[in-house]
Amino acid sequence: MQEKLKQLKTEALLALKSIKDKAQLEELEVRFLGRKGGELTELLKGLKDLSDDAKREVGQLANEVKTSLEEAVSAKKKEFSKIEMAGLLEKESLDISQPALPPKSFGHLHPNTIIQNDLEDFFTSMGFMVLDGPELESEYYNFSALNIPPDHPARDMQDTFYIKNHTDWVMRTHTSPVQVRAMQKYGAPLRMIVPGKCFRNEATDVRHEHTFYQLEGVVIDKDISFAHMKGVLESVAKHLYGPDTKINMRPKFYPFVEPGVNLEVTCFVCQGKGCRLCKQSGWLEIGGAGMIHPNVLRESGIDTKVNQGFAFGFGLTRLVMLKYGIEDVRLLESGNMKFLEQF
Ligand code: FA5
């Protein structure tokens, strides 16, 4: 039996040498050391027929064989684990010199942003600063400083979102409050524009959104006249819509300018002949403008004896609609990818 044990050990160790993977190792473990039917277990069943002395001797040898086989199997297991880990690490390794994969799709600018960027470039080329102002505005800057005192009916022209428990705060209804902020900060002379988001409590339709963009502009200097204003507004219209575009200015009341005008451009659908979109007028409204009211200049710290100026407020959203022939303003803020992917 001792011979058989030694032979089993030699055979098992030899077989272990040619093992190539974990599965083969498991098979081998079951074959030699398995509790049920393993070769060593089977061999040891013969122990019971031996004398006590022989049992002791053979038992000791059997233990040695079992221990050395178990150690050899466990060493092989560790070897395989190391190889497996190295393989995993190799798979996970990061080659930072490898060129990046090409992106599957590109994002792009929103049409509002395209026109805003374009107009910022256009105005900076004429020496205008580009400014920003708060969207949550004080009631003072949104109305009072613009010559619209509390309880004045002119406040009804722009229905507002007030802030709960802060009745002196509003979501700004136009970009005009930044006129006053800019004059107070920079004084005269001044040339600036403010593109930005505005909010109104509107019954929304194809032309009116609760959230939309305007682009405000102010010019203050000595001897600034209505003619300068007309020149700037006309050059914007021609820049955006082509050299044949004409502008029309109709008198309109805005409390912060005098005189004030409603600014229109040639309808892009009928080229001025009259159609459904322009309500047969041949013109489409794009904003308001006028010579800044002396009350607003004084409130902003401008010396009205020396300086005067004009202001304009384009509906930037409207400019975008006209540029791209968008018939429903609500599409612009809808997040509708089918619509946005066209730009
Ligand atoms: C104003 O907001 C004045 N602050 C403009 C101004 C500035 C006049 C400086 C004089 C001097 P009005 O409410 O008309 O004016 O709006 C100007 C433009 O914003 C409109 O012509 C229109 O193009 C756009 N607009 C107004 N309300 C909405 C709306 N709900 N949705 C989309 N565009 C709008």
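Counting from 1, the numbers follow the sequence of the chain as shown. Just follow the structure's listing: the first ligand is 1, and inside any ligand the first atom is 1.
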If you measure from CD1 on Ile115 to CG on Leu215, what distance do you get to the nearest 0.5 Å?
11.0 Å

Does Arg155 pair with Glu139 as a salt bridge, N-O distance under 4.0 Å?
yes

Taking 4.0 angstrom as the limit and counting only heavy atoms of Glu285, give me the atoms of ligand 1 inside it, by number and element.
20 (C), 21 (O)

Within the 4.0 Å heavy-atom shell around Gln179, which atoms of ligand 1 are there?
9 (C)

One finds that the ligand 1 atoms under 4.0 Å from a non-hydrogen atom of Lys252 are 14 (O)

Which option out of Phe310, Phe212, Phe253, Phe314 puts a heavy atom nearest to atom 33 (N) of ligand 1?
Phe212

Would you tell me which option among Arg172, Arg200, Met291 has the nearest heavy-atom contact to atom 13 (O) of ligand 1?
Arg200

Are any non-hydrogen side-chain atoms of His110 and Leu340 less than 4.5 angstrom apart?
yes

Do NZ/NE/NH1/NH2 and the carboxylate oxygens of Glu285 and Arg207 come within less than 4.0 Å?
no

Side chain, backbone, both or neither: the part of Ile286 lying under 4.0 Å from ligand 1 by heavy atom:
backbone

Ala289 near ligand 1, heavy-atom distance under 4.0 Å?
yes

Taking distance alone, with N or O pairs closer than 3.5 Å, would you say Thr173 contacts ligand 1?
no

Is it the side chain, the backbone, both or neither of Phe256 that has a heavy atom closer than 4.0 Å to ligand 1?
side chain

Taking atom 15 (O) of ligand 1 as the point of reference, which of Tyr254, Tyr213, Phe312 owns the nearest heavy atom?
Tyr254

Take atom CD of Gln342 as the centre, draw a 6.0 Å sphere, and report whether it contains more than 12 heavy atoms from other residues, nucleotides or ligands.
yes

Distance under 6.0 Å and angle within 45° of the ring axis: does Arg200 meet both against Phe212?
no

Part of Thr317 within contact of ligand 1 (heavy atoms, under 4.0 Å)
neither

Applying a heavy-atom cut-off of 4.0 Å, say which part of His208 lies close to ligand 1: side chain, backbone, both or neither.
both

Could you say whether the N/O atoms of Ser176 and ligand 1 ever approach to under 3.5 Å?
yes

Please determine whether any non-hydrogen atom of Met157 lies less than 4.0 Å from an atom of ligand 1.
no

Shared ILVMFWY cluster between Val296 and Ile193, side chains joined below 4.5 angstrom?
no

Thinking salt bridges, do Glu79 and Lys82 make one under a 4.0 Å N-O criterion?
no

